[in-house]
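Atoms considered below: every heavy atom in the structure, side chains included; atoms not considered: hydrogens, waters and symmetry mates. Remember, it's 1-based here, ligands and their atoms both numbered in the order they're listed.
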Amino acid sequence: MIRFATLFIFVLMLTGAWAQISTNALLTLANTNGTTMSLSISNSGNQTWVIQSSSNLTSWTTVETLKVFNGSYQRSYTNSAGGNLYYRANFNATNQTIADTTTNALGLPATNYNYSNPALPVEFYVNPILAEDNMPVNGPNADPTTDADATLGRVLFYDKRLSTNQTISCASCHQQVYGFSDPRQFSVGYNGSLGTRNAMGLSNARWYQRRHFFWDERANTLEDQTLMPIQNPIEMGMTLDALTNRLAAEPFYTNLFALAFGSPVITTNGISKALAQFVRSIVTTQSKYDLGLTNNFTNFTDSENLGRLIFFGLTNFPPNPPANCSGCHASDNFVPGPAVNNNGLEYPYVDLGVGGITGNTNQYGLFKVPSLRNIALTAPYMHDGRFTNLAQVVAFYSSGVVFNPNLSPPLVAHGGTSALRLNLTADQQVALVAFLNTLTDTNLVTNPQLSDPFNYGH
Ligand code: HEC
Ligand code: HEC
């Protein structure tokens, strides 16, 4: 039995205006102007649809057959002849003829982008930043970035097939426009469940001396980390077997795997490495701060420079000691060295952080701090996303740090008996926020080599 045209949408053109006369859950329509109509299809199954038009609702002409890649498709149609015109989109389960080839599913450049050799400032090649580099270049787990591997990683990062019901990708919770973070306090998984931590930004995640990933450092390497959200029951809910089978059915994946690893066979090892290489390619080095490093900060406003002096503990505010944010947010990547820290968010500890993984009570309440690069893009802040803006973060460090047994030394005062209270003036707090805003690299949010490669029509 053939069941054709189970889902319809009709669009009517009446004397120059498009009107929507019928819709259903999978389809939405928007009028753009009198003669152009835009049609959007949302469809998480990567399926093929037939678009037809009619001037009398009786005889229908097929306009095109199209495939909805990765969840949504958008197309504009023009009615140049005038008069009435109706459109409908049919889904036919037995007529899924369009294959996902690399060229029709993806908008990849003819020659791969350069991921393997990013232009880095000179200080990235010497310590302390050299020691922060977590790219494994030698040994059995070596995973140096190549352009073909990172290209595959880019496709995987944006592909909703990685979640069991094909509704979310890594990028759903790590959005480029927000510095690869999630603007929601807690991310929403494939079935609508909420996590308990905020998705941090991924800017310069390649540089972190302790190598570990996640707020509680439970992933020992980035290659270990990338398979975890896929299998996490509230995030993407997949099994690795189901994933390799699903990807093996897509011609573009066998192609990209062959280009990356020399074999079309889809492996979890390949998925993990390609994703890790893409994440390591989220490199940002063109902020106002980076420019300032080359011109002695003459490009900074007075307020930004005051904030810089406060951040690096270069100025005293008697009777208070220097703020020294860089005691923990160090180097030009603003990450700690060998230590993992507690910044006095709360006591008793609600989230045990690193100690919850190791069981070591001296590590209760300790958390990884990701780079502060692009911090202005990655609100809300802290592992639980408790602060909605940077002014709240700075106000917290000024007067809200809570003394606790595991408070890290830079924030301990009075011979170890209480927390440092900077009591910054309003101007000083504004200056510190202004400085944090100089860490934004606007190229990151538009960089095409880090953006969604799927073909959504248009
Ligand atoms: C449902 C939302 C969600 C999805 C989907 C998701 N993440 Fe995350 N990601 C998070 C959250 C939340 C955290 C912080 C969790 C924690 O630390 O416990 C995180 C943390 C990370 C980190 C750690 C960064 C650091 O500096 O330690 C990396 C890397 C990362 N995710 C990459 C990925 C990749 C790659 C994918 C796709 C395979 C992915 N994420 C999918 C929400 C998500
Ligand atoms: C003792 C070490 C330490 C010092 C000093 C310190 N921080 Fe932090 N900072 C941390 C830790 C640890 C976290 C993560 C805490 C958490 O989420 O539980 C953090 C988080 C942050 C975040 C949020 C990061 C994100 O991705 O959500 C910002 C912004 C920040 N700190 C700015 C500052 C500023 C500004 C100063 C100086 C006034 C400062 N820090 C001083 C350890 C420190």
Check: Mind checking whether Asn232 has a heavy atom under 4.0 Å from ligand 1?
Finding: no

Notebook entry, point to check: Heavy-atom contact under 4.0 Å between Leu227 and ligand 1?
Noted result: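 Heavy atoms of Leu227 never come under 4.0 Å of ligand 1.
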
[atom]: nearest protein contact (heavy atom, Å):
atom	answer
atom 29 (C) of ligand 1	Gln225 OE1, 3.3 Å
atom 22 (C) of ligand 2	Met382 CE, 3.7 Å
atom 36 (C) of ligand 1	Cys170 SG, 2.8 Å
atom 12 (C) of ligand 1	Arg197 O, 3.4 Å
atom 26 (O) of ligand 1	Lys368 NZ, 2.9 Å
atom 1 (C) of ligand 1	Cys173 SG, 2.8 Å
atom 39 (C) of ligand 1	Pro229 CG, 3.4 Å
atom 13 (C) of ligand 1	Ala199 CA, 3.8 Å
atom 8 (Fe) of ligand 1	His174 NE2, 2.1 Å

Just which atoms of ligand 2 are under 4.0 Å from any heavy atom in [X]?
X	answer
Leu345	16 (C), 18 (O)
His383	16 (C), 17 (O), 18 (O)
Tyr381	27 (O)
Ser408	1 (C)
Ile375	24 (C), 25 (C), 26 (O), 29 (C)

Check: For ligand 1, which part of Ile230 has a heavy atom less than 4.0 Å away: the side chain, the backbone, both, or neither?
Finding: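 The answer is the side chain of Ile230.
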
Check: Under 4.0 Å from ligand 1, counting heavy atoms only, is it the side chain of Ser169, its backbone, both or neither?
Finding: backbone

Would [X] count as being in polar contact with ligand 1, using the rule that some N or O on each side must be under 3.5 angstrom apart?
X	value
Trp215	yes
Arg218	yes
Phe214	yes

Quick check on contacts: which atoms of ligand 1 are under 4.0 angstrom from a heavy atom of [X]?
X	value
Asn198	12 (C), 14 (C)
Phe213	24 (C), 25 (C), 26 (O), 27 (O)
Met200	14 (C), 20 (C), 23 (C), 24 (C), 25 (C), 27 (O)
Leu222	29 (C)
Leu202	22 (C), 24 (C), 28 (C), 29 (C)
Val188	1 (C)

Next item on the list: Look only at the side chain of Arg210 and the backbone of Pro338, and say whether a donor-acceptor pair between them is shorter than 3.5 Å.
Entry: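 Yes, Arg210 side chain to Pro338 backbone: donor-acceptor pair under 3.5 Å.
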
Notebook entry, point to check: Can you tell me if Asn127 uses its side chain to pair, donor with acceptor, with the backbone of Ala131 under 3.5 Å?
Noted result: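 Present.
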
Notebook entry, point to check: Are there more than 12 heavy atoms of other residues, nucleotides or ligands under 6.0 Å from atom OH of Tyr178?
Noted result: no

Note to self: Is it the case that atom CG in Asn138 sees more than 12 heavy atoms from other parts of the structure closer than 6.0 Å?
What the structure shows: no

Is it true that [X] and [Y] make a salt bridge, defined as a side-chain N closer than 4.0 Å to a carboxylate O?
X	Y	result
Arg211	Glu217	no
Asp241	Arg246	no
Arg373	Asp290	yes
Glu132	Arg206	no
Asp384	Arg197	no
Lys368	Asp216	no
Arg280	Glu223	yes

Item checked: Among Glu250, Lys160, Gln166, the one residue meeting side chain to side chain donor-acceptor pair (under 3.5 Å) with Asn46 -> Gln166

Name the orientation class of the two ring planes belonging to [X] and [Y] (parallel below 30°, tilted from 30 to 60°, perpendicular beyond 60°).
X	Y	value
Tyr347	Tyr349	perpendicular
His329	Phe311	tilted
Phe69	Tyr73	tilted
Phe312	Tyr289	parallel

Next item on the list: Might you point out which heavy atoms bring Ala119 and Thr285 nearest each other, and give the distance in Å?
Entry: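 Shortest heavy-atom separation between Ala119 and Thr285 comes out as O-OG1, 3.9 Å.
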
Next item on the list: Heavy atoms only: give me the nearest Val68-Trp49 pair and the separation to one decimal.
Entry: CG2-CD1, 3.4 Å

Margin query: Just to be sure I'm reading this right: ignoring hydrogens, which of Arg184, Gln185, Glu235 gets closest to atom 42 (C) of ligand 1? Compare them by their nearest heavy atoms.
Written below: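 Looking at heavy atoms only, Glu235 sits closest to atom 42 (C) of ligand 1.
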
Next item on the list: Ignoring angles and geometry beyond distance, decide whether Asn324 reaches within less than 3.5 Å of ligand 2 through its nitrogen or oxygen atoms.
Entry: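 There is no such contact.
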
Notebook entry, point to check: What is the number of protein N/O/S atoms located under 2.8 Å from atom 8 (Fe) of ligand 2?
Noted result: 2

Notebook entry, point to check: Can we call the ring centroids of Phe396 and Phe387 under 6.0 Å apart?
Noted result: yes

Note to self: How long is the straight-line distance from CD of Gln449 back to OG1 of Thr151, given to the nearest 0.5 Å?
What the structure shows: 8.5 Å

